[in-house]
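Take a look at the structure set out below.
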Amino acid sequence: MGQAPRLRSVCVFCGSSDAADPAFLADAAALGAALAGEGLRLVYGGGGVGLMGACARAAHEAGGQVLGVIPGFLTSRERALESVQTVVVGSMHERKMMMFEEADGFVVLPGGIGTLEEVVELLSWRRLDLHAKPIVFHSPGDFWRPLFDLFQHTVERSLTPPSFLDAWVEVDAVEDIIPALRGAKRRGPDAAAAAAQIT
Ligand code: AMP
């Protein structure tokens, strides 16, 4: 097992809704500014809407490096930001793969079905030991509790191994996200080698 890579780039999965709780939008912006302040590059879905737009704008305005990855058909619907470096890819699958490859760690902010889809795939790769990159859920007001309960339910029914419950770290304050990423236990094979196994 090799050395886990140093944390340089952080992928943020989060909601694209502008109608989200203003506190969630403010937290997303605070995370973007904090990433910039720590010299960490933000990798995100490329849109200018909802939490993702708030996070990316704040990171960019604070002088941080930002990489957006967006499929061509979503550039107008998710209002891709012109002010940041954006790669336009051909499909949702390509988007997720590039976001995965470009990041050393992942943050999951409140989101909807798209956020769920992205993080469940990431966790399923972890379950298969295909990567060991840290995953931190920001769960203000226990936002993600129903999802954690569902995971626990599958463990209780012997469909998922109990060790899976160590695959992520949960925090409820924005300022705890980056320390949790840095301190999150990295299990499984070396992340870079593992990434090569995912096709
Ligand atoms: P939502 O949480 O539904 O607001 O979606 C958040 C982000 O996830 C949006 O940028 C969506 O385009 C994205 N998304 C939704 N489904 C997928 C998918 N299958 N693959 C990659 N990204 C997705």
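Quick note: numbers below take in every heavy atom, side chains included, and nothing from hydrogens, waters or symmetry partners. Every number for a ligand or one of its atoms is a count from 1 in the order of the listing.
Ring geometry, F148 versus F137: the interplanar angle exceeds 60°, so the pair is classed perpendicular (tilted spans 30 to 60°). Classified by interplanar angle (parallel below 30°, tilted 30° to 60°, perpendicular above 60°), the ring pair F143/F24 is perpendicular. The aromatic rings of H131 and F100 stand perpendicular to each other, their planes meeting at an angle above 60°, with 30° marking the opposite boundary.
A donor-acceptor pair is defined here as one N or O able to donate and one able to accept, closer than 3.5 Å; no such pair exists between the side chain of D172 and the backbone of P140. Using a distance-only test at 3.5 Å, with no hydrogens or angles considered, no donor-acceptor pair links the side chain of D18 to the main chain of V49.
Atom CE of M97 and atom CD of E121 lie 7.0 Å apart (nearest 0.5 Å).
From the protein, the heavy atom lying nearest to atom 5 (O) of ligand 1 is G114 CA, 3.4 Å. Of the protein's heavy atoms, C14 O, 3.2 Å lies nearest to atom 6 (C) of ligand 1. In terms of protein heavy-atom proximity, atom 21 (C) of ligand 1 is nearest to K96 CG, 3.5 Å. Among protein heavy atoms, atom 8 (O) of ligand 1 sits closest to E118 OE1, 3.3 Å.
For ligand 1, the polar-atom distance check against G111 finds no nitrogen or oxygen pair separated by under 3.5 Å. Between R95 and ligand 1, a contact under 3.5 Å exists for at least one N or O pair.
Within the listing of ligand 1, atoms 9 (C), 10 (O), 11 (C), 12 (O) sit less than 4.0 angstrom from a heavy atom of E78. Listed by atom number, the atoms of ligand 1 under 4.0 Å from E117 heavy atoms are 17 (C), 18 (C), 19 (N), 20 (N). Close contacts of ligand 1 with G15, meaning ligand atoms under 4.0 Å from a residue heavy atom, involve 2 (O), 4 (O). Atoms of ligand 1 found under 4.0 Å from any heavy atom of L74, numbered from 1 in the order shown, are 12 (O).
Around the CZ atom of R77, the shell of radius 6.0 Å holds no more than 12 heavy atoms that belong to other residues, nucleotides or ligands.
Applying the side chain to side chain donor-acceptor pair (under 3.5 Å) test to residues at least two apart or on different chains, the pairs with a partner in residues 31-49 are S9-R41, E38-R182, R41-E102.
Contact annotation: for M52 versus ligand 1, heavy atoms closer than 4.0 Å belong to the side chain alone.
Nearest residue to atom 16 (N) of ligand 1 from M99, M97, M92 is M92 (criterion: closest heavy atom).
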